[in-house]
Structure formats: structure tokens, C-alpha cells
Engineer: 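Right, I'll just put the structure down here and ask away after.
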Amino acid sequence: MARAATSQRKVLNTALAWAVGFLIFFPILWTILTSFKTEAQAIASPPIFLNFDWTLENYAVVQERSNYMRFLWNSIIIAGGSTILGTIIAIPAAWSMAFVPSKRTKDILLWMLSTKMLPAVGVLYPIYLLFIKMGLLDSRAGLVIVLMLINLPIIVWMLYTYFREIPGEILEAARMDGATLKDEILYVLTPMAIPGIASTLLLNFILAWNEAFWTLNLTAANAAPLTAFIASYSSPEGLFYAKLSAASTMAIAPILILGWFSQKQLVRGLTFGAVK
């Protein structure tokens, strides 16, 4: 009886997991399917799921209308640059909080996390004026700085959590062997925390890639990433759902592929230190 109940519970949990996974993935699937429809089929009521005339016209129109590769390259530079810069800054900060904590360490961590609760629009105007003064408006460097700063609390928190799972005695042994602070961080701590650092890089790259508010408000043409590429298909004449879906599919395809091939590393990093 107990074995049968356990088996039923596993089947139920598996079915529930698949159902939740499908609900999460369905909007992406619907966007991809809509990108292969005509505009009339995209707005048909009731909606057409699979029984429609598949076409690549929307992708051809998007390619002709926009320089997709320029938007893609901007996204890679902005997301990659902000992630790498944030990680370089966060590793020493997380090391200090994990291995040389003070009475205010938890307060500092909570304060850093609380900045994520600030509505972005509340600081848009001063940052916009500051960017104009500094010549950073509509520039990749400006977006790299902004996205690095808004994601820095998450990077520090994640690295702090991973570093806390590493025994401090290992670092003490390295110091006794003559390791400097630089050697300790670069050659002892970092290699041991590679799974956690890798998952932090991946997660924050995705967050920076998907960022829309700052990219739409601080860029116009030169540094516009793929989020601006998608937004350009919302016009005063109306929404062209099929073409918008094609643009969205082209924008999310690189990050979906990256997530698919790095899922094992991401899961390994997110569970790093969970089992001792």
C-alpha cells in the first residue's frame, strides 16, 4: 500500500510539473506559432492553433525593414559587458561579506536588496539628465553601466550565498602558505566557486538581455538592443501581431538557445552548496 501510494504521488508530481512547465512555455510557443501566420490568421477569432497556412513572409519583412544583426550585436555587448563588469565588482564585495563579516553585513545586504524595490521610473529623470551631461545617452557604455548597477545587488547576493558554503579554513591554509589577497580570490576562491559564478553570470546575462525599461528610455538608434527592435513593431497604425511575433521570436531565440545548452550548468550552480 505504501509503495503504491508513493508511486501515485510520483506520477502526480510529475504530471503537475509538466503542467506547470507547459503553462510557462505556452506564451513562447504561441508567439513562435503566430510568427508563421498571416496577419489575418494572427488575429482570427477563435484563435487558430495549428491549422493555418505556414509562411516565412513575416521574417522576410522583418529582415528587410530592420538591421537585425546590429540590434543583436548591441544586445550581446550590453548584456555581456554589464554582466562581466558586475561580476568583477561583486566577487571582492561578496568575499568581504562572506569571510570578513562585520556587525552591519546583514544590514548592508538587506539595504542593497531593498534598492531593487525602488520603481525605476522614480530615478529615470535624474539619470537621463546625468547621461546627457556625460555624453552617455544612446551609448552602449551608458547602458552597460546602468544595467550593471541595477543587477549588482542580485550578483552580490548570489555570490555571497555561494561563498558562504566554502570552508574558511581553506582560505586560511592558503594564507599560511603565503597567498596574497589577490591569489586567495583568483586562485583559491574563484575556482572552487565556478559553478556558482557560472550560474550567476548566466542569470544576470538573461536579466540584462531582457531589460526593456532602461534600454527603451536611454537609447534611440545607435545603441538600441533587441528590446528596442521588438518595440519598433508597435506603430501608430496599429499592432502587426504576426510581424511583432516574428521580431520577438528572433529576439528571444539566442537566449533560449543559450539557456538550453547551459541548463545543466545553471541547475548545478543554483544548487551549489545545497548538499554538504
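Values below: all heavy atoms of this structure, side chains included; hydrogens, waters and symmetry mates excluded.
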Engineer: Can you name the nearest heavy-atom pair linking Ala90 to Leu159, along with the distance?
Structural biologist: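 Reported closest heavy-atom pair: CB-CD1, 3.8 Å.
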
Engineer: Taking Thr215 for its side chain and Ala212 for its backbone only, find out whether a donor-acceptor pair lies under 3.5 Å.
Structural biologist: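 It does hold such a pair.
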
Engineer: Looking only at heavy atoms, what is the nearest atom pair of Ile150 and Pro153, with distance?
Structural biologist: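 Smallest heavy-atom distance, with atoms named: O-CD, 3.7 Å.
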
Engineer: Is there a donor-acceptor pair under 3.5 Å between the side chain of Glu39 and the backbone N or O of Ala242?
Structural biologist: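 Side chain of Glu39 to backbone of Ala242, a donor-acceptor pair under 3.5 Å: yes, one is there.
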
Engineer: Applying side chain to side chain donor-acceptor pair (under 3.5 Å) as the test, list every pair that has at least one member in residues 173-188; sequence neighbours left out.
Structural biologist: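 Passing the test, one end in residues 173-188: Trp95-Glu184, Arg175-Glu184, Thr180-Asp183.
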
Engineer: Test your reading of the model: is there a side-chain donor-acceptor pair from Gln41 to the backbone of Thr38, 3.5 Å cut-off?
Structural biologist: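 At least one qualifying donor-acceptor pair exists.
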
Engineer: Count I, L, V, M, F, W, Y as connected when their side-chain heavy atoms are under 4.5 Å apart, and connections chain through other members. Are Ile91 and Ile166 then in the same cluster?
Structural biologist: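 Result: yes, single cluster for both.
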
Engineer: Look up atom CD in Glu64 and atom OH in Tyr59, then write down how far apart they are to the nearest 0.5 Å.
Structural biologist: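 Here the interatomic distance stands at 15.0 Å.
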
Engineer: Tell me, do Leu203 and Met158 make a side-chain contact under 4.5 Å, heavy atoms counted?
Structural biologist: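 In short, these two side chains touch, coming nearer than 4.5 Å.
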
Engineer: Determine, stepwise, if the pair Ser82 / Leu85 fulfils side-chain contact (heavy atoms from CB on, under 4.5 Å).
Structural biologist: CA-CA 5 Å; Ser82 63; Leu85 180 61; 6.0 Å; no

Engineer: Where is the tightest heavy-atom contact between Phe131 and Val146, given as atom of each residue plus distance?
Structural biologist: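 In terms of heavy atoms, the two residues are closest at CZ-CG2, 3.2 Å.
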
Engineer: Measuring from atom CD1 of Ile24 to atom CG of Leu29, what distance do you get when rounded to the nearest 0.5 angstrom?
Structural biologist: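 Nearest 0.5 Å value for the CD1-CG distance: 14.0 Å.
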
Engineer: Classify the ring geometry of Trp157 against Tyr160: parallel below 30°, tilted from 30° to 60°, perpendicular beyond 60°.
Structural biologist: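 Aromatic pair Trp157/Tyr160 classed perpendicular.
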
Engineer: Please name all residues satisfying side-chain contact (heavy atoms from CB on, under 4.5 Å) with Pro254, sequence neighbours left out, ordered by chain then number.
Structural biologist: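 side-chain contact (heavy atoms from CB on, under 4.5 Å) check on Pro254 returns Tyr68, Leu72, Trp209.
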
Engineer: Between Thr105 and Ser102, is any pair of side-chain heavy atoms under 4.5 Å apart?
Structural biologist: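 Touching, per the 4.5 Å side-chain cut-off.
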
Engineer: In terms of ring plane angle, is the pair Trp30 and Phe49 parallel, tilted or perpendicular, where the classes change at 30° and 60°?
Structural biologist: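 Rings of Trp30 and Phe49: parallel, under 30°.
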
Engineer: So for atom CH2, which belongs to Trp111, do other residues, nucleotides or ligands contribute more than 12 heavy atoms lying within a distance under 6.0 Å?
Structural biologist: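 No - once you tally the heavy atoms of other residues, nucleotides and ligands closer than 6.0 Å, there are 12 at most.
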
Engineer: I'd like to know if Ile206 and Trp73 are part of one continuous hydrophobic network [Ile/Leu/Val/Met/Phe/Trp/Tyr, side-chain heavy atoms within less than 4.5 Å].
Structural biologist: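 Same cluster.
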
Engineer: Using a 3.5 Å distance criterion without hydrogens, assess whether the side chain of Lys243 forms a donor-acceptor pair with backbone atoms of Glu57.
Structural biologist: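 The answer is no, because no donor-acceptor pair under 3.5 Å joins these two groups.
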
Engineer: Just by distance, do the side chain of Asp138 and the backbone of Ala223 share a donor-acceptor pair under 3.5 Å?
Structural biologist: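 Such a contact is found between Asp138 side chain and Ala223 backbone.
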
Engineer: Around Trp18, counting heavy atoms of other residues, nucleotides and ligands shown, do more than 12 lie under 6.0 Å from its CH2?
Structural biologist: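 Counting other residues, nucleotides and ligands, CH2 of Trp18 stays at 12 neighbours or fewer.
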
Engineer: Can you list everything that forms a side-chain contact (heavy atoms from CB on, under 4.5 Å) with Ser248? Sequence neighbours excluded, please.
Structural biologist: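 Ser248: side-chain contact (heavy atoms from CB on, under 4.5 Å) contacts with Thr31, Ile230, Leu244.
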
Engineer: Looking only at atom types and distance, does a side-chain atom of Thr83 sit under 3.5 Å from a main-chain N or O of Gly80, one as donor and one as acceptor?
Structural biologist: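 Not confirmed, Thr83 side chain does not pair with Gly80 backbone.
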
Engineer: If I take atom CD from residue Glu211 and atom CG from residue Leu218, how far apart are they, to the nearest 0.5 angstrom?
Structural biologist: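 Result: 9.5 Å between the selected atoms.
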
Engineer: Check whether any side-chain heavy atom of Tyr162 sits under 4.5 Å from a side-chain heavy atom of Ser199, and report yes or no.
Structural biologist: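 They are in side-chain contact.
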
Engineer: Do Leu202 and Leu226 share a hydrophobic cluster, counting only Ile, Leu, Val, Met, Phe, Trp and Tyr and linking them when any side-chain heavy atoms are less than 4.5 Å apart?
Structural biologist: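 Leu202 clusters together with Leu226.
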
Engineer: Which is it for Ile28 and Leu256 under the side-chain contact (heavy atoms from CB on, under 4.5 Å) test, yes or no, and what are the steps along the way?
Structural biologist: CA-CA 10 Å; Ile28 300 174; Leu256 283 177; 4.1 Å; yes

Engineer: Just wondering, are more than 12 heavy atoms of other shown residues or ligands nearer than 6.0 Å to OH in Tyr125?
Structural biologist: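 Atom OH in Tyr125 is not packed in, count stays at 12 or less.
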
Engineer: Check step by step if side-chain contact (heavy atoms from CB on, under 4.5 Å) holds for Trp214 and Leu124.
Structural biologist: CA-CA 8 Å; Trp214 292 106; Leu124 173 61; 3.7 Å; yes

Engineer: To check you understand the geometry: which heavy-atom pair defines the closest contact between Asn210 and Thr227, and what is its length?
Structural biologist: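 It is O-CG2, 4.0 Å.
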
Engineer: Mind running side-chain contact (heavy atoms from CB on, under 4.5 Å) on Met97 and Met112 for me, showing each step along the way?
Structural biologist: CA-CA 13 Å; Met97 295 179 184; Met112 291 177 64; 4.0 Å; yes

Engineer: Going by distance alone, is a donor N or O of one side chain under 3.5 Å from an acceptor N or O of the other, for Thr34 and Tyr241?
Structural biologist: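 Judged by distance alone, the side chains do not pair up.
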
Engineer: Does a side-chain heavy-atom distance below 4.5 Å link Asp53 with Lys37?
Structural biologist: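 Counting from C-beta outward, Asp53 and Lys37 never come under 4.5 Å.
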
Engineer: Taking the side chain as every heavy atom from C-beta outward, state whether Asn151 and Lys116 have any atom pair closer than 4.5 Å.
Structural biologist: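 The answer is yes; the side chains approach within 4.5 Å.
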
Engineer: Shortest non-hydrogen contact from Leu189 to Phe99?
Structural biologist: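 Reported closest heavy-atom pair: CD1-CE1, 3.7 Å.
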
Engineer: Are side-chain heavy atoms of Leu56 and Phe36 found at a separation under 4.5 Å?
Structural biologist: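 With C-beta onward as the side chain, the pair touches.
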
Engineer: At their closest point, which heavy atom of Ala224 faces which heavy atom of Asn74, and how far apart are they?
Structural biologist: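 Heavy atoms of Ala224 and Asn74 come nearest at O-ND2, 2.9 Å.
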
Engineer: Is the shortest heavy-atom distance from the side chain of Pro225 to the side chain of Phe71 under 4.5 Å?
Structural biologist: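 They are not in side-chain contact.
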
Engineer: Mark yes when over 12 heavy atoms from residues, nucleotides or ligands other than Lys106 sit less than 6.0 Å from its NZ; otherwise mark no.
Structural biologist: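 Counting other residues, nucleotides and ligands, NZ of Lys106 stays at 12 neighbours or fewer.
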
